[in-house]
J.: 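Below are the structure tokens for one structure; questions will follow.
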Amino acid sequence: MKVTIQREYDFIEYDVDMQDATLLELLDKIKTQQDNTLAYSSGCRSSVCGSCAVRVNDKEVLACSYKVQEGDKIEPLKNMPLLRDLVVDMQKSLEANKRAKTWLSSYNSEAKLTHEDEKINELQSDCILCGSCYSACPVYAVNEEFLGPFALTGVWKYVSDKREGEPKEKIDTIQTNGVWDCTLCNECTVVCPQGISSKADIEKLRAKSSQFGYMDPNFGNFGGGFDSGFGFDGSPSF
Amino acid sequence: MKTDVLIIGAGGAGLTAAIAAKKAGVDVVVLTKEYPTRSQTCMAQGGINAALGNVAADSIEDHIQNTLKSAHGLASEEAVRYMCSEAPATIAWLDSIGVCFSRTADAKITQRKLGGASAPRACYAQDYTGLKILHTLYEEALKHDVEMKNEKLLLEILTDENGVACGAVVMDIRSGSKESYFAKSVILATGGYSRIYDKNSTNSVKSTGDGIAVAARAGAKLLDMEFVQFHPTGLKNSSILISESARGEGGYLLNSKGERFTNELAPRDEVSRAIYAEMNKGEDIFLDIRHLGEAFIDEGLPQERKLAKLYENVDPVYDLIPIKPVAHYTMGGIEVDNNSQSSIEGLYACGECSNHRVHGANRLGGNSLLEIVVFGREAGENAAKRAQEIASHATASAKDDFLAQEFTQELDFYTLREELGNLLYAKVGIVRRESELQEALGFVKECQQNLTKMGTQESSLRYNTNLIEFLEFRNMLDASEAVITGALARKESVGAHFMAKE
């Protein structure tokens, strides 16, 4: 089976004798038997540690859960500095969690979480921080400071949790480079290996922001902002 | 660089230690060879034990007795008593920082029964318990402004002229350069060593026993390294874990003739031995959950169906799942006292790399997540206290010049790593014989002596994973040696260590 992998300066084609294998199994075989210099990340091999996210044919996948196909083109994640071959530096993307304050700020010990309450953010708490959504997000082309999909999903996880005693503090934090900078393009949802929709979470955070008195800054803001009041698709945003 | 408390490892134990030390008011730096959320803790599925009695009557005393029984007399009753008594407050703390535990209809944390427990005692978050605890600890560490430095491989523990730990040397994986960190206390939280069995392990490829090997080279004592828990149902080709709940819910184990041959609900070591005996007769072994039905499998075991399809090309709704027992959890580790301090003053250990004498010869399901939080906090608090009592930093120079040697690359360590794993699985695995242990020890010693004939083909230091894996292989050899010498010294079968007659 032939695949091409983006190396430091060029794509290199590898011919590996393997059938019905995951991409990670193929990378492991190349690394140990053909080319010791190939760099990539892996850990659990079972889709839960988030280490092995890469792009195959321009779409983010976990190498450990993707069945590799003849002719696949494999590249590192986007929107993050490249360290080497398929390895990117996730430092800045992870720091978005800190900027967005994705933690329980104040524990409301009076809150009683029921079985139904548990379901409210169960999906969001399945996030494995693989960075696929961050890589797929087009907003980074125009705003490097955008908090981004996984951090905002993390914020919704806590805002929607009855144990959070200060949800407004969370909402205050995500007004700048946050919920209003998302274009709702849904690319993050398409690539999430855990089935999480950050776009949907961001929409919920926008609704919550409105409840706390915030307004869409693009709304009625003629002449301001990079899009002069018009969205990416050219339609007016008012 | 200088700090008060240096923590190496950022899984559940390391992060809990970091939060505790930071709350105690000292400066903390956490180093990890991956990123914090990628550690082995994220793979824990089943639950975390605490005698809350939320679902059925339970008591701390029962938790203690169940744990001691499972340990086959090799646990410290004092340590077990402490861990089990701290469990309810530990769950309350995890709840207070936001862990999304599954709940009962009346708003309590729900609990389920795991093997060896006399009551439903394991709190869980669907089958993502470890993942959700780990991520919440990570977020709590961010809240407390814990400094975390990613992609640093531990090379050496530094000790001053009095033999007291005063820091560590790591390799920055990104640049390949060595860095020294000086600290008043050092905590190791580097995880277990199941990957010495290579592909015959459920663990992350990063569970290579680094902290244990490095600590031992610095002179720390190891304890009970021979106790390796084998999980009965790893997928045959990939060793990916199929959860014990598959048998708990009524799954059968079958041989090639389609016969059941053991009690599927016996303890892990017994079931593993029964499977191993069948395999030695030439039988292939399968897990059969077809009779549970598609609806149940999709609701209760969705991950298992996905992984069986992906890695074995079988759909458990219609097909048998090929399995074999594989290395899952390592009970042995760095010996620590009641303060989580190792035999080296100033060097603490917590989590799977440590041995707090709470698991003995066989760990009870649900006790590993409990251990990392209870003793992670202990290690963090004690290390912080020590740091506060010490006036100034000591410094020392690195002594381990392993990488300064010349490596000739006559031997391929990847081939030897695979050989080591298969050899340990066959000869230092579920059933052991003295002659076979000696044979395995011979192989390990030969590899150790031949390390300079290995080395890496990749010369660039920048993000050289070839070099990192070679350094890990060295650690795996040292951990293997400790496992085998421990096994040779223990003549009697106990728990996970089973000696057969020659």
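Every heavy atom of this structure was used, including side-chain atoms; hydrogens, water molecules and symmetry mates were not. Quick note on labels: first sequence line is chain A, next is B, and so on, each numbered from 1. All of these numbers come straight from a predicted model, not from anything done at the bench.
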J.: Mind ranking A:K119, A:Q33, A:E116, A:R163 by heavy-atom pairs under 4.5 Å with chain B and telling me who comes out on top?
T.: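 Max contact count across the listed options: A:R163.
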J.: Non-hydrogen atoms of chain B under 4.5 Å away: do they reach the side chain of A:K157, the backbone, both or neither?
T.: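 When you check distances to chain B, only side chain atoms of A:K157 fall under 4.5 Å.
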J.: Search all heavy atoms of B:T465 against all heavy atoms of A:L38 and return the closest pair with its distance.
T.: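 So the two residues come closest at OG1-O, 3.5 Å.
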J.: Heavy-atom pairs under 4.5 Å with chain A: which of B:T41, B:L131, B:T37 has the most?
T.: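 If we count pairs closer than 4.5 Å to chain A, B:L131 comes out on top.
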J.: Measure the spacing between CG of A:N97 and NZ of B:K143 and express it to the nearest 0.5 Å.
T.: 14.5 Å
J.: Which distance, rounded to the nearest 0.5 Å, do you find between the OG1 of A:T22 and the CG of B:L310?
T.: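 These two atoms lie 6.5 Å from each other.
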J.: Using every non-hydrogen atom in the two residues, find where B:S96 and A:L104 come nearest and quote the distance to one decimal.
T.: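 So the two residues come closest at O-CD2, 2.9 Å.
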J.: Does the B:R462 side chain pair with the main chain of A:R84, one donor and one acceptor, at a distance under 3.5 Å?
T.: no
J.: When you measure from the side chain of B:R38 to the backbone of A:L129, do you find a donor-acceptor pair of N or O atoms at a distance under 3.5 Å?
T.: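 Here the side-chain-to-backbone pair does not exist.
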J.: Which atoms form the tightest heavy-atom contact between A:R45 and B:S201, and what is the distance?
T.: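 Shortest heavy-atom separation between A:R45 and B:S201 comes out as NH2-O, 3.4 Å.
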J.: Do the side chain of B:R174 and the main chain of A:D89 share a donor and acceptor less than 3.5 angstrom apart?
T.: no
J.: If you tally heavy-atom pairs under 4.5 Å against chain A, which of B:Q303, B:E34, B:M43 wins?
T.: B:M43
J.: Between B:N150 and A:Q91, do the side chains contain a donor N or O and an acceptor N or O under 3.5 Å apart?
T.: yes
J.: Roughly how far, to the nearest 0.5 Å, is CG of A:N36 from CD of B:Q409?
T.: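 The CG atom of A:N36 is 9.0 Å from CD of B:Q409, to the nearest 0.5 Å.
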J.: Is a salt bridge present between B:D106 and A:K112, judged by a nitrogen-to-oxygen distance below 4.0 Å?
T.: no
J.: Please classify the contact between B:Q40 and chain A as side chain, backbone, both or neither, with a heavy-atom cut-off of under 4.5 Å.
T.: neither
J.: What's the shortest heavy-atom distance between B:K132 and A:D126, and which atoms?
T.: NZ-OD1, 2.7 Å
J.: Is it true that the side chains of A:E118 and B:S102 contain a donor and an acceptor less than 3.5 Å apart?
T.: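 Yes - a donor-acceptor pair under 3.5 Å links their side chains.
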J.: Hey, what do you get for OG (B:S175) to CG (A:L83), rounding to the nearest 0.5 Å?
T.: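 Going from the OG atom of B:S175 to the CG atom of A:L83 covers 10.5 Å.
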J.: Give, for atom OG of A:S65 and atom CG of B:L307, the distance between the pair rounded to the nearest 0.5 Å.
T.: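 The OG atom of A:S65 sits 9.0 Å away from the CG atom of B:L307.
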J.: With chain B, which of A:S109, A:A111, A:A21, A:C127 has the greatest number of heavy-atom pairs at distances under 4.5 Å?
T.: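 Highest number of pairs under 4.5 Å: A:C127.
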J.: We want to know whether A:S51 and B:K206 form a side-chain donor-acceptor pair, criterion being a heavy-atom distance below 3.5 angstrom.
T.: no
J.: Could you check which of A:E164, A:E95, A:M90, A:K101 has the highest count of heavy-atom pairs closer than 4.5 Å to chain B?
T.: A:M90
J.: Of all the heavy-atom pairs spanning B:N313 and A:K67, show the shortest one and how long it is.
T.: OD1-NZ, 4.4 Å
J.: Heavy-atom distance under 4.5 Å to chain A: side chain of B:T202, backbone, both or neither?
T.: backbone
J.: Taking every heavy-atom pair that is under 4.5 Å apart, which of A:T102, A:L113, A:T37 has the most such pairs with chain B?
T.: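 Of the options given, most contacts go to A:L113.
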J.: Chain A: which of B:I109, B:I468, B:L467, B:D145 shares the most heavy-atom pairs with it under 4.5 Å?
T.: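 Sorted descending by pairs with chain A, the first entry is B:D145.
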J.: Considering only heavy atoms, which portion of A:E122 lies under 4.5 Å from any heavy atom of chain B: side chain, backbone, both, or neither?
T.: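 Both backbone and side chain.
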J.: Heavy-atom distance under 4.5 Å to chain B: side chain of A:V48, backbone, both or neither?
T.: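 Answer is both: backbone and side chain atoms of A:V48 are under 4.5 Å from chain B.
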J.: Where does B:E418 contact chain A at under 4.5 Å (heavy atoms): side chain, backbone, both or neither?
T.: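 Neither the backbone nor the side chain of B:E418 comes within 4.5 Å of chain A.
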J.: Let me know if A:Q194 has heavy atoms under 4.5 Å from chain B in its side chain, its backbone, both or neither.
T.: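 For A:Q194, the side chain is the part near chain B, not the backbone.
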J.: Answer yes or no: does atom CD of A:E70 have more than 12 heavy-atom neighbours from other residues, nucleotides or ligands under 6.0 Å?
T.: yes
J.: Say you draw a straight line from CD1 of B:I240 to SG of A:C64; how long is it, rounded to the nearest 0.5 Å?
T.: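 Nearest 0.5 Å value for the CD1-SG distance: 7.0 Å.
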J.: State, with a plain yes or no, whether a side-chain heavy atom of A:I128 is found less than 4.5 Å away from one of B:C42.
T.: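 Result no, sub-4.5 Å side-chain heavy-atom pair not found.
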J.: For a quick test of reading the model, state the closest non-hydrogen atom pair linking A:K31 to B:Y414 and the distance between them.
T.: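 In terms of heavy atoms, the two residues are closest at CE-OH, 3.3 Å.
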J.: Could you check A:S125 against B:H135 for side-chain contact (heavy atoms from CB on, under 4.5 Å), going step by step and ending with a plain yes or no?
T.: CA-CA 8 Å; A:S125 63; B:H135 279 239; over 6 Å; no
J.: Heavy-atom cut-off 4.5 Å, strictly under: side chain, backbone, both or neither for B:Y128 against chain A?
T.: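 Contact with chain A involves the side chain of B:Y128 alone.
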J.: Please classify the contact of B:K149 with chain A as side chain, backbone, both or neither, using a heavy-atom distance under 4.5 Å.
T.: neither
J.: Could you please spell out the steps behind the side-chain contact (heavy atoms from CB on, under 4.5 Å) verdict for B:C100 and A:N121?
T.: CA-CA 8 Å; B:C100 297; A:N121 65 4; 3.8 Å; yes
J.: So A:Y107 and B:D95, do their side chains get closer than 4.5 Å, heavy atoms only?
T.: yes
J.: When you measure from the side chain of B:Y463 to the backbone N and O of A:A39, does any donor-acceptor pair fall under 3.5 Å?
T.: no
J.: State, with a plain yes or no, whether a side-chain heavy atom of A:L94 is found less than 4.5 Å away from one of B:Y138.
T.: yes
